[in-house]
Engineer: 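Handing you this structure, nothing more for now.
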There are 2 protein chains.
Amino acid sequence: MPTSIKENYLKALHFLSLQSGVVSLTELGNAMEVSKPTVNDMVKKLAARGWVKHERYQPIQLTSEGHKAAALVIRKHRLSELFLYQVMGFGWEEVHDIAEEMEHIKSELFFQRMDEMLRFPVFDPHGSPIPDKAGNMVTPTYQLLSQISSPCRVALKAIRNSGTDFLKYLNEKNLQLGTELEISSIESFDGSISVSYGHCEQLVMSHSVSSLLWVEVIL
Amino acid sequence: MPTSIKENYLKALHFLSLQSGVVSLTELGNAMEVSKPTVNDMVKKLAARGWVKHERYQPIQLTSEGHKAAALVIRKHRLSELFLYQVMGFGWEEVHDIAEEMEHIKSELFFQRMDEMLRFPVFDPHGSPIPDKAGNMVTPTYQLLSQISSPCRVALKAIRNSGTDFLKYLNEKNLQLGTELEISSIESFDGSISVSYGHCEQLVMSHSVSSLLWVEVIL
DNA sequence: AAATAAAGTTAGATATGTCTAACTTTGAAG
DNA sequence: CTTCAAAGTTAGACATATCTAACTTTATTT
């Protein structure tokens with residue numbers, strides 16, 4: 001019953017909007033783990049606040065105000081993640097869960113000061129862009145490693161999933177942002193990719209791993 | 001509607017208990033700025049959780065579990081205050097309000113790390129003791145400046161009220177923790193006290209100010 | 001000890017966020 | 001173009017934290 005629940009709906013709407021720009025009630029309900037009537041009610045309240053557009057039986061769409069409100073929550077989240085990582089020395093696999101709580105702090109001063117201490121950063125520890133105070137964020141043009149079709153050299157730029165388990169897996173494999181990977185072969189059958197990097201002669205990544213890594217081709 | 005409301009009731013109960021050990025519903029209601037029925041309901045819930053002892057028409061008393069729960073919230077609050085002051089560079093007049101939000105963060109790791117970074121501190125920026133992880137805190141034996149009855153030399157050790165306005169007043173007067181004050185005269189009529197310290201030749205403090213300053217006699 | 005004000009309690013209401021069960025609309029398949 | 005499952009909506013309920021109005025106890029004052 002705590003936190004600002006609406007902020008969490010806004011965040012979910014933001015991420016679900018990324019594909020098609022619109023979101024169904026069912027999708028939002030699944031993301032928030034609540035029933036359809038609950039989402040339905042909530043969407044009415046969000047619409048009343050001007051954050052979403054919604055006509056009966058139609059999909060939901062964030063308004064520009066809604067987008068901005070969501071971006072400002074994401075800003076607080078990602079700034080917190082970077083602060084935890086850079087200033088407090090947490091690992092990138094630990095910061096998401098704590099930031100999930102910090103993002104609901106209302107004090108402007110607090111995030112203002114964080115922003116200053118971190119020198120107005122643009123990326124969080126997972127490589128995701130940090131929106132600015134106006135809610136605008138850069139949109140890097142990375143590719144998913146799983147989308148690369150022929151052997152080449154790439155640099156790891158961002159992680160699509162900040163879940164602890166996946167990041168621990170990357171830690172074990174010594175994969176960090178900036179790590180350069182030589183793609184040696186791509187198995188078209190199951191989409192698995194063989195890469196080498198640093199001290200690692202060969203690592204075979206399944207599609208489910210490579211589809212969570214944003215990379216940039218180099219050379 | 002946010003935060004863990006019960007934690008705020010526990011904190012209020014802790015501070016109101018300091019005098020007599022028991023708290024009336026009315027007192028608690030005033031402190032929390034809620035009506036008597038609201039307090040009454042809440043006290044029943046706190047009693048059900050084992051945090052307070054309460055018989056109909058009798059005053060409320062924190063149980064030892066309740067005391068501990070309150071102390072752990074106060075720990076998070078004061079640790080946050082010191083972190084904001086020491087690590088983030090906020091002024092002592094700014095930290096209370098932000099800590100009021102941070103104290104409701106549940107992550108043990110977060111406060112654990114703060115505690116380490118600050119080297120397991122025992123006092124917050126206002127000189128109040130920080131409870132340890134078991135909920136125990138030191139009980140300094142300071143006197144209120146207003147309780148001093150004859151001219152002497154004292155050191156400012158703690159501030160009874162962490163409100164922004166009072167702390168800004170102290171800033172203006174250049175009064176900090178550790179500042180040594182020479183008490184030159186005490187007006188028995190209205191309880192006002194004349195002190196000199198540092199570059200200040202004479203400052204006359206009203207009783208309402210001197211009763212908010214904890215001091216220790218020196219020499 | 002009776003009167004009465006202060007303190008505490010009960011009853012009934014509201015707002016928020018949630019649920020299940022039942023009903024309606026939409027849209028895709030036959 | 002009818003059928004039907006999936007998606008969305010309505011109705012009615014519950015828990016939490018809050019309120020006002022009215023009633024009961026306690027304790028003080030005369």
Side-chain angles (χ1 to χ4, degrees), chain A residues 1-14 16-17 19-63 66 69-70 73 100-101 103-104 106, chain B residues 1-13 15-17 19-63 66 69-70 73 100-101 103-104 106:
Chain A
M1 66 241 52
T3 64
S4 201
I5 291 164
K6 290 195 180 67
E7 292 189 339
N8 289 332
Y9 279 89
L10 286 173
K11 269 199 305 174
L13 281 164
H14 169 90
L16 295 170
S17 294
Q19 343 269 313
S20 61
V22 298
V23 181
S24 71
L25 275 189
T26 304
E27 278 178 286
L28 183 54
N30 290 155
M32 293 298 298
E33 302 190 270
V34 296
S35 68
K36 286 183 289 176
T38 298
V39 179
N40 197 23
D41 276 10
M42 183 55 77
V43 165
K44 283 176 192 163
K45 291 172 196 166
L46 297 176
R49 282 226 191 354
W51 285 325
V52 300
K53 227 171 55 192
H54 182 235
E55 323 245 309
R56 309 175 102 250
Y57 297 104
Q58 291 313 118
I60 310 156
Q61 211 174 345
L62 278 172
T63 60
V73 179
E100 207 63 34
E101 298 198 65
E103 73 190 8
H104 300 296
K106 274 142 199 94
Chain B
M1 70 239 51
T3 65
S4 201
I5 291 164
K6 291 194 180 67
E7 292 189 338
N8 289 333
Y9 279 89
L10 287 173
K11 268 199 306 174
L13 280 165
F15 292 116
L16 295 170
S17 295
Q19 343 267 314
S20 62
V22 298
V23 181
S24 71
L25 277 188
T26 304
E27 278 178 285
L28 184 54
N30 291 155
M32 294 299 298
E33 302 189 271
V34 296
S35 68
K36 286 183 290 176
T38 299
V39 179
N40 198 24
D41 275 10
M42 183 55 77
V43 165
K44 284 176 192 163
K45 291 172 196 166
L46 296 176
R49 283 227 193 351
W51 285 325
V52 301
K53 226 172 56 192
H54 183 234
E55 323 245 308
R56 308 174 104 250
Y57 297 104
Q58 292 313 117
I60 309 156
Q61 211 173 346
L62 277 172
T63 61
V73 179
E100 207 64 34
E101 298 198 66
E103 74 190 7
H104 301 295
K106 273 141 199 98

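The analysis underlying the following values was restricted to heavy atoms, covering all of them including side chains, and did not include hydrogens, waters or symmetry mates. All chains are named by letter (A, B, ...) in the order of the sequence lines, taking the proteins before the strands, and each is independently numbered beginning at 1.
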Engineer: Report the distance from atom NE2 of A/H54 to atom P of D/dG8, rounded to the nearest whole Å.
Structural biologist: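 To the nearest whole Å, that distance equals 7 Å.
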
Engineer: Could you check how far CD of A/E55 sits from P of D/dT9, rounded to whole Å?
Structural biologist: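 A/E55 atom CD is separated from D/dT9 atom P by 11 Å.
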
Engineer: Taking only side-chain N and O atoms of B/S24, does any of them lie within less than 4.0 angstrom of OP1 or OP2 on C/dA7?
Structural biologist: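 Looking at the OP1 and OP2 atoms of C/dA7, neither is under 4.0 Å from any side-chain N or O of B/S24.
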
Engineer: Starting at CG of B/N8 and ending at C1' of D/dT18, how long is that distance when rounded to a whole Å?
Structural biologist: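 So the two atoms are 15 Å apart, to the nearest Å.
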
Engineer: Any chance you could measure A/N8, atom CG, to A/E100, atom CD, to the nearest 0.5 Å?
Structural biologist: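 Rounded to the nearest 0.5 Å, the CG-CD separation comes to 6.5 Å.
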
Engineer: Check whether any side-chain nitrogen or oxygen of B/T38 sits under 4.0 Å from OP1 or OP2 of D/dC19, and answer yes or no.
Structural biologist: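 Affirmative; the distance criterion is met.
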
Engineer: At less than 4.0 Å, is any side-chain N or O atom of A/N40 found next to OP1 or OP2 of D/dG8? Yes or no.
Structural biologist: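 Answer no for this pair, as no side-chain N or O of A/N40 is under 4.0 Å from OP1 or OP2.
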
Engineer: With a non-hydrogen cut-off below 4.0 angstrom, is A/T26 in contact with a base, only sugar-phosphate, or nothing?
Structural biologist: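 Counting heavy atoms under 4.0 Å across all strands, the contact made by A/T26 is with sugar-phosphate only.
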
Engineer: Tell me which nucleotide among D/dG8, C/dT18, D/dT18 gets nearest to the side chain of B/V34.
Structural biologist: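 From the listed options, D/dT18 comes nearest.
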
Engineer: From B/L46 CG over to B/L62 CG, what is the distance, rounded to the nearest 0.5 angstrom?
Structural biologist: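 These two atoms lie 8.5 Å from each other.
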
Engineer: Less than 4.0 angstrom between a side-chain N/O of A/K6 and OP1 or OP2 of C/dG17, yes or no?
Structural biologist: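 For C/dG17, OP1 or OP2 has a side-chain N or O of A/K6 closer than 4.0 Å.
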
Engineer: Return the value, rounded to whole Å, for the distance between atom CG of A/L46 and atom P of C/dG17.
Structural biologist: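 Rounded to whole Å, this separation is 9 Å.
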
Engineer: How close or far is atom P of C/dA6 from atom CG of B/N30, stated in whole angstroms?
Structural biologist: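 Nearest whole value for this atom pair: 14 Å.
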
Engineer: Whole Å only: how far is the CD1 atom of B/I5 from the P atom of C/dT16?
Structural biologist: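 These atoms are roughly 14 Å apart.
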
Engineer: In terms of side-chain heavy atoms of A/D41, which of D/dT20, D/dA17, C/dT18 is nearest?
Structural biologist: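 So the side chain of A/D41 is nearest to C/dT18.
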
Engineer: Does the side chain of A/K44 get closer than 4.0 angstrom to OP1 or OP2 of C/dT16 through an N or O atom?
Structural biologist: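 For C/dT16, neither OP1 nor OP2 has a side-chain N or O of A/K44 closer than 4.0 Å.
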
Engineer: Does B/K106 come within less than 4.0 Å of B/E7, counting only side-chain N to carboxylate O?
Structural biologist: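 Answer for the salt bridge query: no.
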
Engineer: Are B/Y9 and B/I60 close enough that some pair of their side-chain heavy atoms sits under 4.5 Å apart?
Structural biologist: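 Of all side-chain heavy-atom pairs linking B/I60 with B/Y9, none is under 4.5 Å.
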
Engineer: Please find the pair of heavy atoms, one from A/G50 and one from A/T63, that lie closest to each other, and give the distance.
Structural biologist: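 In this case the closest contact between A/G50 and A/T63 is O-OG1, 2.7 Å.
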
Engineer: Among D/dT9, C/dA11, D/dA17, find the nucleotide with the atom closest to the side chain of B/K45.
Structural biologist: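 The listed nucleotide nearest to B/K45's side chain is D/dA17.
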
Engineer: If each of A/M42 and B/Y57 is mapped to the nucleotide of DNA chain C with the nearest heavy atom, which maps nearer the 5' terminus, i.e. the 5' end?
Structural biologist: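 It is B/Y57 whose nearest nucleotide is closer to the 5' end.
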
Engineer: Give the rounded distance in Å between these two atoms: CD of A/Q58 and C1' of C/dT24.
Structural biologist: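 About 14 Å, once rounded to whole Å.
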
Engineer: Over how many whole Å does the gap from B/L28 atom CG to C/dG8 atom C1' extend?
Structural biologist: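 Taking CG of B/L28 and C1' of C/dG8, I get 13 Å after rounding.
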
Engineer: Please determine, for the side chain of B/R56, which listed nucleotide (D/dT10, C/dG17, C/dT9) has the closest atom?
Structural biologist: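 Given the options D/dT10, C/dG17, C/dT9, the side chain of B/R56 is closest to C/dT9.
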
